[in-house]
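To find a chain, count down the sequence lines: A is the first, B the second, and so on, and within it residues start at 1.
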Amino acid sequence: MSDFTNKGIARILKQLAVLLEINGENKYKARAYRNASRRIMDLDEDISDYVSSENLQDIDGIGEGIAETIKDTFKNGFCPPLEELKSALPSGLLELLELPGLGPSSAHQLFEELKIEDIEGLRKALKAGKIRNLKGFGARREEKLLSSVENYEKYRNVILLSDAQSQAEEILIGFQSKDDLECREIKIAGSTRRWESLIEKIDFIVVTGESGQFFELIAGMEFIDKILNQTEDKITAVSESGVEINFWIVKEEHFPGALIYHTGIEEHFNKLREIAAEKDYQLNKYGLMQDSELLAIESEEEIYGKLGLPYIIPELREDRGEIEAALSGNLPDSIGLTDIRGDLHIHSRLSDGAHAIEEMVLTAREKGYEYMAVTDHSRSLKIAHGLSLAQLKAEGKLIDELQEKYGDIKILKGIEVDILSDGRLDYEDEILSELDLVIASIHTGFRQSIEQITARITRAMQNPHVDIIAHPQGRLLGRRKSYQVDLEKIIKKAAATGTCLEINASPFRLDLDDINVREAAREGVKIVINTDAHHSDELNDMKLGVSVAQRGWLEKDDVLNTMSYKQLCDYLGSG
DNA sequence: GCCGTTTTCGGCCCGACTGTTTTCAGTCG
């Protein structure tokens, strides 16, 4: 009898669903698996308990068939029908679905008619002009797919910041269990340490005792796929998910210097080097030297200090003026996670969230938040079970009851109201006026012109009830580009109307991005950092949003949800 | 495959958009 986590089983069922779709089977069968996957993901109890007590079918969405599949998976240690499908279908078909504009049906068709098995095969067929002649395709679609393929290849080996962090974390944990003969010190550097939204490579700086043993240690880690290259001072490995991992091996006395060298972008380091030269030091990847002697230095702070600079946090080391600001004493007093007093964009089960409002309230309380806002979707977003007027009213009543029960957190009645394709909002003003907080956002009409989308958002901001524009760029990192929008205009309008712009902290979005956040704050726009949580775990994403704020040079006062509850009410009331 | 019954099979979150067609299937959110 093997053991699987809820996440593990959910992943298996989801994969099964996708493969069934590609295999051209009944789409509702596939949907049933996908549905079951979601239920298990959201389950509070362990799925293994259901298996051992033989009551899997008590779970909504799991019937005889799927219960049997799960039991078999536990029994065998693998999922028989999944393995069967995997051996029947080329594995590359799955990646075809990553392309926007290509779904399971088309993947099935491409495989059946042209024996296309992966993206490379598709690229060749597209170049050869073979696709346009297929039924349901055409010249235009061929052109779009080609651009999708090119975009995909560009991001092929890039992973989300949150994924890079969890992989890096696993590696660190792997080292913790070893004695310090093999690894005396290890720290994340590079773009992951700077909290860039997309990561190409994960860098570590390592002080080892016995480098031979260190190599074996890495090679033996279960999530390391292979070692690409090994020299005396660097090991390059590839993780199972295909991302490159560099271990820079340094001597203990070189650790702080190496950390600075491998953390900021090159231009940041070059400017530090120039400052060092002016002070008759030499700065290189080993550290700070004077008269060819390495100075005994313990930390990065000390190096910055010797150069006459305050410490510059990794998030700012992008050569966007931070050195100049440090020299003139104008570095931002960067906002931190502990400054955040509440989360103002949270979904519940009433629309498309995983949990009841009460569970989200309990999680927010655990985080020590002073306030939170329940902001489910509005009525026209049917796929997300957008709330009818009656449901919205019922939700308000429910919140009143919860507010009675939990006095130590303020629960705002909010909504994420859709900005419809024609620019109207999804509820009338009199409905919005009764709510504590109104977030407006775009979920339809992504392909409209820059003028249309900009006009939709500016019109929404002119509505006096709208407090926040959520995910203003509408991007999905590495997957979907931002819709066409004139952010300069949006920022100006936000400043003029007192509307807040959101940093959406979802690891898939991080929207606004750091550059535009900084621009908005410069123009005096108030920024709000929200998780857009659809699951209680996702309230933890706040740290990602804060990192965007830090990279955008924000200070505490630039951010709405660092305010006390009273200040927040005053602000919203006047807005 | 699951569910909810008008218990034995029909419907399955839904509507907009797109590119293909010339009335619709596939994709997306």
Nearest-angstrom distance from the residue atom [atom1] of [X] to [atom2] of [N]:
{"X": "A/R34", "N": "B/dT27", "atom1": "CZ", "atom2": "P", "value": "12 Å"}
{"X": "A/E64", "N": "B/dT8", "atom1": "CD", "atom2": "P", "value": "18 Å"}
{"X": "A/I40", "N": "B/dG1", "atom1": "CD1", "atom2": "P", "value": "16 Å"}
{"X": "A/L145", "N": "B/dT20", "atom1": "CG", "atom2": "P", "value": "10 Å"}
{"X": "A/I131", "N": "B/dG19", "atom1": "CD1", "atom2": "C1'", "value": "15 Å"}
{"X": "A/Y28", "N": "B/dG1", "atom1": "OH", "atom2": "P", "value": "16 Å"}
{"X": "A/Q109", "N": "B/dG19", "atom1": "CD", "atom2": "C1'", "value": "13 Å"}
{"X": "A/L56", "N": "B/dC2", "atom1": "CG", "atom2": "C1'", "value": "14 Å"}

Can you tell me, in whole Å, how much space there is between the [atom1] of [N] and that of [M]?
{"N": "B/dT6", "M": "B/dG11", "atom1": "P", "result": "15 Å"}
{"N": "B/dG29", "M": "B/dT23", "atom1": "C1'", "result": "24 Å"}
{"N": "B/dG26", "M": "B/dT20", "atom1": "C1'", "result": "10 Å"}
{"N": "B/dT27", "M": "B/dT21", "atom1": "P", "result": "15 Å"}
{"N": "B/dG10", "M": "B/dG15", "atom1": "C1'", "result": "22 Å"}
{"N": "B/dT18", "M": "B/dC12", "atom1": "P", "result": "26 Å"}
{"N": "B/dT8", "M": "B/dC2", "atom1": "C1'", "result": "14 Å"}
{"N": "B/dT5", "M": "B/dC13", "atom1": "P", "result": "15 Å"}

Touch check for [X], heavy atoms < 4.0 angstrom, all strands: base, sugar-phosphate only, or nothing?
{"X": "A/L20", "answer": "nothing"}
{"X": "A/D60", "answer": "sugar-phosphate"}
{"X": "A/L99", "answer": "sugar-phosphate"}
{"X": "A/A17", "answer": "nothing"}
{"X": "A/S380", "answer": "nothing"}
{"X": "A/L381", "answer": "nothing"}
{"X": "A/H385", "answer": "base"}
{"X": "A/K144", "answer": "sugar-phosphate"}

With a 4.0 Å cutoff (strictly under), does any side-chain N or O of [X] reach OP1 or OP2 of [N]?
{"X": "A/R447", "N": "B/dC17", "answer": "no"}
{"X": "A/S105", "N": "B/dG26", "answer": "yes"}
{"X": "A/K382", "N": "B/dC14", "answer": "no"}
{"X": "A/R31", "N": "B/dC13", "answer": "yes"}
{"X": "A/T444", "N": "B/dC28", "answer": "no"}

Between [options], spot the one nearest the side chain of [X], thanks.
{"X": "A/I66", "options": "B/dG1, B/dG19, B/dC17", "answer": "B/dG1"}
{"X": "A/S106", "options": "B/dC17, B/dC2, B/dG26", "answer": "B/dG26"}
{"X": "A/P100", "options": "B/dG19, B/dC2, B/dC28", "answer": "B/dC28"}
{"X": "A/P104", "options": "B/dT27, B/dG29, B/dG19", "answer": "B/dT27"}

So which of A/T454, A/I450, A/I457 actually passes side chain to side chain contact (heavy atoms under 4.5 Å, CB included) with A/K489?
->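 Exactly one pass, corresponding to A/T454.
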
Tell me whether [X] at atom [atom1] has more than 12 heavy atoms from other residues, nucleotides or ligands lying less than 6.0 Å away.
{"X": "A/Q462", "atom1": "CD", "value": "yes"}
{"X": "A/E488", "atom1": "CD", "value": "no"}
{"X": "A/E430", "atom1": "CD", "value": "no"}
{"X": "A/K367", "atom1": "NZ", "value": "yes"}

Minimal non-hydrogen separation, A/V438 against A/L432, with atom names =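 Between these two residues, the closest heavy atoms are CG2-O, 3.9 Å.
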
For A/M461 and A/I490 the tightest heavy-atom approach is CE-O, 3.4 Å

Glycosidic conformation of B/dT20, taking syn as within 90° of 0 and anti otherwise = anti

Passes ring-ring contact (aromatic ring centres under 6.0 Å, His included), A/H347 versus A/H355? Steps please.
-> CA-CA 8 Å; A/H347 294 273; A/H355 301 296; over 10 Å; no

Partner of B/dG29 under the Watson-Crick or G-U wobble criteria, both distances under 3.5 Å, comes out as B/dC14

